[in-house]
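Working notes, structure below.
Position 1 is the first residue of the sequence, and the numbers go up from there.
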Amino acid sequence: MIHDAAVSKAREIAHSVLAPSAGQNDTDGRFSTEAVQSLGESGLLGLLLSADLGGAGLGPRTFAGVTATLAEADASVAMVYVMHILATASMSAARPGAAGAVTPILREIAAGRHLSTLAFSEAGSRSHFWAPLSRAQRNGDGVHISAQKSFVTSAGQAQSYVVSALAPEGAGPTDSTLYLVVAGTRGLSVAGAWDGLGLRANASAPLALDECHVPSDFQLTDDGGGFPAMLNVVLPMFNLGTSAVALGLCRAAVSQTTSHLKNAKFEHLGQSLGESLPTLRAQLATMQIETDGLSARIDDLIDHLETPRETTMLRVLETKAAAGEVAINVTSTAMRVCGGAAFSKQLSLERLFRDAHAGAVMAPTGDVLREFIGKSLLGLPLF
Ligand SMILES: Cc1cc2nc3c(=O)[nH]c(=O)nc-3n(C[C@H](O)[C@H](O)[C@H](O)COP(=O)(O)OP(=O)(O)OC[C@H]3O[C@@H](n4cnc5c(N)ncnc54)[C@H](O)[C@@H]3O)c2cc1C
């Protein structure tokens with residue numbers, strides 16, 4: 001599969017599977033198993049996996065393109081996809097000792113039969129995902145993990161979870177290790193419902209681990225290697241993925257607003273809203289400018305990821321921080337431009353508006369990213 005084919009498959013799925021049911025799934029808070037099945041059948045679940053595992057061997061550019069395309073139709077599904085791709089990347093980067101356990105799972109992912117996700121955030125350390133409170137305890141051939149994970153996208157739907165916990169002998173608050181916990185492990189349970197303001201159809205429920213046994217070959221990183229993996233493997237692509245979700249939401253908002261301004265009429269004036277009001281045209285133009293600005297920023301980040309350089313981490317931090325703001329601004333403007341029609345849910349803009357608010361509170365949150373950027377400019381330690 002090449003870049004264009006992957007994005008066109010995503011467009012096809014967005015059109016035929018996501019768009020028709022996004023509104024109802026949002027209302028019902030229903031996770032779309034059909035969407036995951038289609039992504040699996042099309043080969044998109046194994047997008048970044050190497051060809052020898054059966055994957056497409058593609059990179060960040062295609063990941064962003066596919067994600068933005070999915071998000072235009074349904075941001076909940078796009079976020080499920082982002083979390084899956086990041087969990088897969090964590091497994092691909094696993095230490096050699098995990099190959100025996102992880103390789104068959106990666107093959108299942110490439111074959112489209114396995115969905116994974118990240119379970120980093122904990123109720124106790126909240127958005128500071130780099131500092132889990134849970135600690136793995138050595139137990140025979142492996143460890144036991146007890147943890148209260150919060151906001152786990154695809155909770156109860158995924159076939160596996162990449163879980164963080166402090167290493168058994170870790171001394172500091174970031175001395176964590178990543179483990180793969182497969183669905184069905186004794187002690188693993190969904191510990192509540194997901195009833196969010198936005199991204200309502202992505203099952204971001206809490207997950208409890210009660211003395212879950214994880215065999216040693218399911219330990220993905222060395223002891224204490226969780227934090228570097230979060231920073232080097234997960235963070236860049238997670239920030240790219242959430243930024244791509246924001247871009248998809250902005251594109252959908254521009255498209256729906258344009259259509260409303262063309263089609264809604266002031267019948268007494270014999271004009272459409274767009275023909276009648278320059279203020280609305282100016283706000284639509286601002287939405288377009290912000291959306292294209294975000295797109296350019298994402299392209300710049302992709303370029304930095306494809307050709308890493310000194311400024312790459314700064315771009316990783318900046319892009320997600322900016323994307324969260326842009327998505328909120330563009331969808332807020334869309335709500336105002338489309339007036340009561342948007343407010344009364346005659347249009348699906350209000351779903352975009354609610355979904356757009358998730359990016360900035362997903363860790364690293366917009367505030368934390370600004371903290372990191374400010375500290376790094378001043379030469380202060382980040383943690
Ligand atoms: C839809 C959705 C899906 C999610 N999916 C996942 C998932 O799959 N896996 C996962 O592990 N987690 C996931 N999360 C969790 C997410 O990453 C955050 O951990 C969570 O949103 C934090 O919420 P909180 O109320 O605990 O935030 P808090 O930590 O209580 O933050 C409250 C406020 O304080 C600000 N703040 C916190 N620390 C700082 C700081 N150092 N400097 C400045 N400001 C600060 C924050 O920006 C925020 O505005 C998801 C969250 C959402 C909403």
Side-chain angles (χ1 to χ4, degrees), residues 4 7-8 10-27 64-78 197-201 242-300 319 322-360:
D4 289 349
V7 176
S8 116
R11 195 168 296 120
E12 211 176 287
I13 293 170
H15 178 73
S16 60
V17 183
L18 272 51
S21 52
Q24 198 57 48
N25 287 342
D26 169 68
T27 304
V66 166
T67 302
T69 303
L70 298 176
E72 273 188 63
D74 188 339
S76 284
V77 172
L197 173 77
L199 297 188
R200 290 178 47 74
T242 46
S243 301
V245 172
L247 179 61
L249 284 164
C250 291
R251 285 186 177 150
V254 170
S255 152
Q256 288 186 33
T257 304
T258 304
S259 161
H260 186 68
L261 294 191
K262 275 185 178 165
N263 296 319
K265 301 241 176 330
F266 286 126
E267 289 183 17
H268 60 299
L269 301 177
Q271 285 184 320
S272 68
L273 296 189
E275 286 167 333
S276 183
L277 292 170
T279 51
L280 300 185
R281 295 195 290 271
Q283 289 181 85
L284 176 64
T286 301
M287 290 168 59
Q288 177 68 35
I289 292 164
E290 287 207 38
T291 301
D292 281 342
L294 176 58
S295 178
R297 197 182 266 285
I298 289 174
D299 281 344
D300 174 60
T319 304
E325 289 297 308
V326 171
I328 290 172
N329 290 344
V330 168
T331 57
S332 302
T333 306
M335 287 296 291
R336 199 165 58 242
V337 169
C338 296
F343 193 80
S344 62
K345 305 188 183 178
Q346 291 167 39
L347 309 169
S348 56
L349 276 172
E350 61 84 32
R351 170 167 57 84
L352 306 181
F353 172 78
R354 289 185 284 103
D355 288 350
H357 281 72

In sequence, state the C-alpha distance, the side-chain angles, and the governing distance for V66 and L70, and then conclude on side chain to side chain contact (heavy atoms under 4.5 Å, CB included).
CA-CA 6 Å; V66 166; L70 298 176; 4.1 Å; yes
Residues A327 and A356: closest non-hydrogen pair is O-CB, 3.6 Å
Distance col, row L349:CG vs T333:OG1, nearest 0.5 angstrom, shows 11.0 Å
Taken to the nearest 0.5 Å, the spacing of C338 SG from L280 CG works out to 8.0 Å
Nearest heavy-atom approach of A71 to A244 is CB-O, 4.4 Å
By salt bridge (Lys or Arg N to Asp or Glu O under 4.0 Å), D300 pairs with (sequence neighbours left out) R315
Between the OG1 atom in T257 and the CE atom in M287, the distance rounded to the nearest 0.5 Å is 3.5 Å
Run T67 and V245 through side chain to side chain contact (heavy atoms under 4.5 Å, CB included) and show every step you take. CA-CA 6 Å; T67 302; V245 172; 3.6 Å; yes
- With distance as the sole test, does T258 use its side chain to make a donor-acceptor pair with the main-chain N or O of V254 at under 3.5 Å? yes
Next item on the list: Would you indicate whether the side-chain heavy atoms of T291 and L247 approach each other to under 4.5 Å?
Entry: yes
Sequence neighbours excluded, the answer for side chain to side chain donor-acceptor pair (under 3.5 Å) partners of D299 is none
Taken to the nearest 0.5 Å, the spacing of L284 CG from T279 OG1 works out to 11.5 Å
Smallest heavy-atom separation, A22 atom then A73 atom, equals CB-O, 3.4 Å
For residues 339-354, the salt bridge (Lys or Arg N to Asp or Glu O under 4.0 Å) pairs (sequence neighbours left out) are D26-R354, E350-R354
Rounding to 0.5 Å, atoms CG (L277) and OG (S272) come to a distance of 9.0 Å
Notebook entry, point to check: Is R281 reaching over with its side chain to a backbone N or O of E275, donor-acceptor style, under 3.5 angstrom?
Noted result: yes
Apply the test side chain to side chain contact (heavy atoms under 4.5 Å, CB included) to residues S76 and N25: give CA-CA distance (whole Å), side-chain angles for both, the deciding distance (0.1 Å), then the verdict.
CA-CA 9 Å; S76 284; N25 287 342; over 6 Å; no
For G248 and E72, the nearest pair of non-hydrogen atoms, with its separation, is O-CG, 3.3 Å
Distance col, row S259:OG vs L347:CG, nearest 0.5 angstrom, shows 8.0 Å
Check: L294 and E290 side chains under 4.5 Å, non-hydrogen atoms: no
Heavy-atom closest pair (G340 atom, Q346 atom, distance to 0.1 Å) is O-NE2, 4.5 Å
